[in-house]
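For reference, positions follow the sequence shown, starting with 1.
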Amino acid sequence: MTEDGDERETICDSVASLTEGCRLPVRMQGGDDWPLAEIISVREVRGLKSYYVHYVDFNKRLDEWVTEERLDTRKVQFPRRDGPAQAAGTGTPKKLGGGNNSVSRPASPPAGPEMQLNGSAVLAAALQKKISRKRKGISLESEDSQDASAPVTSVSGATCPRSTGSMVAHHDDVVTRMKNVEMIELGRHRIRPWYFSPYPQEMVHLPCIYICEFCLKYRKSRKCLERHLAKCNLRHPPGNEIYRKGRISFFEIDGRKNKAYAQNLCLLAKLFLDHKTLYYDTDPFLFYVMTDFDARGFHIVGYFSKEKESTEDYNVACILTMPPYQRKGYGKLLIEFSYELSKFEGKTGSPEKPLSDLGLLSYRSYWAQTILDFLVNVKPVGDNEKPQITINEICELTSIKKEDVISTLQNLNLINYYKGQYIITLSEDTVASHQRAMERRKIRIDPKCLHWTPKDWSKRAKW
């Protein structure tokens with residue numbers, strides 16, 4: 001028996017007895033590790049059975065179809081017998097930003113050749129949710145991880161879903177638990193998606209979806225894409241270019257004025273963000289797309305979306321760096337740009353929660369570096385005095401929201417209570433480590449290159 005008594009462990013005589021909800025060791029792709037995994041779905045194609053598994057304590061982007069030889073049936077945990085909901089097993093919290101509250105998985109759709117991951121079914125369910133929420137007076141949002149996310153990420157790190165449409169947890173829709181797109185081709189890059197995205201049904205069974213890297217329209221074949229490119233006159237995202245320095249540009253796209261582009265961007269982003277994207281409702285959002293320029297045009301590197309009106313001072317709704325550009329400093333550049341916009345608006349801001357695991361890592365790193373950079377360079381008032389600074393002053397000068405500043409200082413163990421007051425103590429090791437980290441940040445946002453005027457979106461005529 002397991003510790004909680006919910007499941008029983010036994011030696012499985014035959015893989016035929018394995019069902020959805022069973023947990024057992026599975027060999028991960030490209031290695032010799034055998035972590036515990038949960039069977040999400042079973043299918044049989046031409047007499048060959050395969051199993052869609054989620055590796056317990058690992059991010060969902062590693063979920064995959066496996067065959068029998070990768071299953072270790074010597075130690076199987078069968079699901080509970082007291083109903084289909086319990087028999088499906090237990091969802092695993094993410095390692096980063098996840099908390100400890102697990103969520104029960106719903107029963108899987110029926111297996112077999114007739115099973116289809118239908119994007120239109122997801123849309124219909126989401127529309128129904130939108131109607132029901134509007135009746136309750138809850139405003140909906142449009143939509144990026146790590147993956148990152150997953151996340152930021154997410155960046156996209158609370159685990160409980162908010163009541164808005166942009167960040168609904170993946171267990172809300174049964175069909176969204178499994179990846180449905182095998183491969184996409186975007187410009188010069190072929191990318192294997194991480195998560196489900198509600199592309200049309202006729203697209204998801206193709207070996208590869210071909211996407212125009214400028215307008216983001218999707219096509220069934222390279223031939224169809226070539227015909228499209230001959231007619232597509234875009235060489236950059238639609239909307240206004242509000243920042244350019246060197247090869248890096250940012251374009252501001254209004255989700256109402258450029259609805260088709262915004263919806264296609266959300267569909268593309270959902271392949272790499274674990275939370276659900278209501279891609280059809282883009283009107284309340286602005287999208288800031290970062291591009292890399294060369295002779296062929298402006299190539300999408302990443303983006304973040306932002307509510308036109310946010311009652312909770314969110315300066316980012318979803319954020320994503322495309323996989324080919326990850327681990328190169330572009331994620332921090334996106335975050336830095338979002339805070340630069342907040343400075344222009346004269347506000348403090350924070351990303352909408354939950355963040356993906358990769359998003360949370362990026363934000364924690366950005367907050368730490370930004371706040372440390374400020375503290376290292378703050379000057380004392382008098383010759384023999386120590387520098388004096390308040391939390392509110394840090395917030396005002398960095399545009400980072402108060403709770404994020406406090407949590408960052410606590411995570412860095414910089415706050416100490418001494419003689420009745422809180423003081424911030426910087427050790428020589430902390431300063432040296434920070435200076436090395438800042439030297440590695442080769443690309444930064446230059447405020448002088450930002451040409452942008454904030455709008456008052458409370459006046460609906462501007463929508």
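Summarising the local packing, CD of Glu202 is surrounded by more than 12 heavy atoms from other residues, nucleotides or ligands at distances under 6.0 Å. Within 6.0 Å of NZ in Lys217 there are 12 or fewer heavy atoms belonging to other residues, nucleotides or ligands.
Looking only at side-chain heavy atoms (C-beta outward), Thr408 and Ile400 stay at 4.5 Å or farther from each other. Taking the side chain as every heavy atom from C-beta outward, Tyr363 and Pro351 approach each other to under 4.5 Å. Residues Leu333 and Met290 meet the side-chain proximity criterion, which asks for heavy atoms closer than 4.5 Å. Side-chain contact between Leu268 and Leu186 is present, with at least one heavy-atom pair separated by less than 4.5 Å. Within the 4.5 Å cutoff, no side-chain heavy atoms of Cys215 are placed close to those of Asn264. Two residues are said to be in side-chain contact when any heavy atoms from C-beta on lie closer than 4.5 Å; Glu241 and Tyr243 fail this criterion. Counting heavy atoms from C-beta outward, Leu426 and Leu375 have side chains that approach closer than 4.5 Å. Considering only heavy atoms from C-beta on, Lys343 comes within 4.5 Å of Ser399 through its side chain.
Defined by atom type and a distance below 3.5 Å, a donor-acceptor pair is missing between the side-chain atoms of Ser362 and Ser365. Checked by atom type, the side-chain pair His54/Glu38 shows no donor-acceptor distance below 3.5 Å. Side-chain contact annotation: Ser338 with Lys306, donor-acceptor N/O pair under 3.5 Å absent. Using modelled atom types and a 3.5 Å distance limit, the side chains of Thr321 and Gln326 yield no donor-acceptor pair. A donor-acceptor pair shorter than 3.5 Å can be found between the side chains of Tyr195 and Asn59.
Close placement of the His189 and Tyr325 rings is indicated, their centers lying within 6.0 Å of each other. Ring centroids of Phe251 and Phe287 are separated by 6.0 Å or more, keeping the two rings apart.
Between Cys212 and Leu225, the shortest heavy-atom contact is N-CD1, 3.7 Å. Taking every heavy atom of both residues into account, Leu271 and Ser197 meet most closely at CD2-CB, 3.4 Å. Minimum interatomic distance between Arg244 and Cys449 (heavy atoms only, all atoms of both residues): O-CB, 3.5 Å. Scanning all heavy atoms of the two residues, the minimum distance from Arg190 to Tyr210 falls at NH2-OH, 3.0 Å. In plain terms, the two heavy atoms of Cys395 and Thr348 that are nearest each other are O-CG2, 3.6 Å. Listed here is the closest heavy atom pair of Phe285 and Ala317: CE2-CB, 3.5 Å.
Summarising the geometry, atom CD1 belonging to Ile445 is positioned 5.5 Å from atom CD belonging to Glu336; distances are rounded to the nearest 0.5 Å. Expressed to the nearest 0.5 Å, how far CZ of Arg227 lies from CZ of Arg219 amounts to 9.5 Å. Taken to the nearest 0.5 Å, the OG1 atom of Thr453 stands 13.0 Å off from the CG atom of Asp456. For the atom pair CG (Asp63) and OG (Ser41), the distance works out to 12.0 Å, reported to the nearest 0.5 Å. Distance CH2/Trp65 to NZ/Lys179: 11.5 Å, rounded to 0.5 Å. Here OH of Tyr199 is found 3.5 Å from CD1 of Ile211. Values are rounded to the nearest 0.5 Å.
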> Does the side-chain hydrogen bond (donor to acceptor under 3.5 Å, both in side chains) test come out yes or no for Tyr288 and Glu252, once each step is laid out?
Replying inline: CA-CA 5 Å; Tyr288 295 90; Glu252 182 183 64; 2.6 Å; yes

> Could you walk me through whether His299 and Phe293 pass the side chain to side chain contact (heavy atoms under 4.5 Å, CB included) check?
Replying inline: CA-CA 6 Å; His299 311 284; Phe293 176 75; over 6 Å; no

> What do the steps show when you test Thr291 against Arg247 for side chain to side chain contact (heavy atoms under 4.5 Å, CB included), and what is the final call?
Replying inline: CA-CA 8 Å; Thr291 63; Arg247 293 174 48 160; over 6 Å; no

> Is there a side chain to side chain contact (heavy atoms under 4.5 Å, CB included) between Tyr52 and Arg43 once you walk through the steps?
Replying inline: CA-CA 8 Å; Tyr52 194 83; Arg43 71 181 180 187; over 6 Å; no

> Going through the distances and angles, do Arg296 and Glu213 end up as a salt bridge (Lys or Arg N to Asp or Glu O under 4.0 Å)?
Replying inline: CA-CA 11 Å; Arg296 297 187 302 117; Glu213 61 178 328; 3.3 Å; yes

>> Using ring pair (Phe, Tyr, Trp, His ring centres under 6.0 Å), reason through Tyr218 and His228 one step at a time and then give a plain yes or no.
In response: CA-CA 10 Å; Tyr218 43 87; His228 164 79; over 10 Å; no

>> Walk me through whether Gln263 and Thr282 qualify under side-chain hydrogen bond (donor to acceptor under 3.5 Å, both in side chains).
In response: CA-CA 7 Å; Gln263 289 175 343; Thr282 60; 5.0 Å; no

> Do Arg436 and Ser433 pass the side chain to side chain contact (heavy atoms under 4.5 Å, CB included) test, and can you show the C-alpha distance, the side-chain angles, and the key distance before you say yes or no?
Replying inline: CA-CA 5 Å; Arg436 287 194 298 270; Ser433 175; 3.8 Å; yes

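Relative orientation of the Phe250 and Phe304 rings is tilted, given thresholds of 30° and 60° on the angle between their planes. Ring-plane geometry between Phe344 and Trp452 is classed as tilted, the angle between the planes lying from 30 to 60 degrees on a 0 to 90 degree scale. In this pair, Phe58 and Tyr55 present their aromatic rings perpendicular. The plane angle is above 60°, beyond the 30 to 60° band.
Using a 4.0 Å cut-off between charged nitrogen and carboxylate oxygen, Glu64 and Arg70 count as a salt-bridge pair. In summary, Lys308 and Asp254 engage in a salt bridge, as defined by a charged side-chain N under 4.0 Å from a carboxylate O. With salt bridges taken as basic N to acidic carboxylate O contacts below 4.0 Å, one links Lys259 and Asp283. Salt bridge annotation for Lys401-Glu312: absent, with no cationic side-chain nitrogen under 4.0 angstrom from a carboxylate oxygen.
A donor-acceptor pair is defined here as one N or O able to donate and one able to accept, closer than 3.5 Å; no such pair exists between the side chain of Asn240 and the backbone of Ile242. In terms of modelled atom types and a separation under 3.5 Å, the side chain of Asp294 and the main chain of Gly297 share a donor-acceptor contact. In this structure, Asn377 contributes its side chain and Asp373 its backbone to a donor-acceptor pair below 3.5 Å.
Applying the side chain to side chain contact (heavy atoms under 4.5 Å, CB included) test between Ile424 and each of Asn416, Leu409, Leu412 identifies Leu409 as the sole match. Each of Lys220, Arg192, Arg222 was checked for a salt bridge (charged side-chain N to carboxylate O under 4.0 Å, His left out) with Glu185, and the lone residue meeting it is Arg222. Shown are Thr390, Ile394, Ile389; of these, the side chain to side chain contact (heavy atoms under 4.5 Å, CB included) with Asn392 is made only by Thr390.
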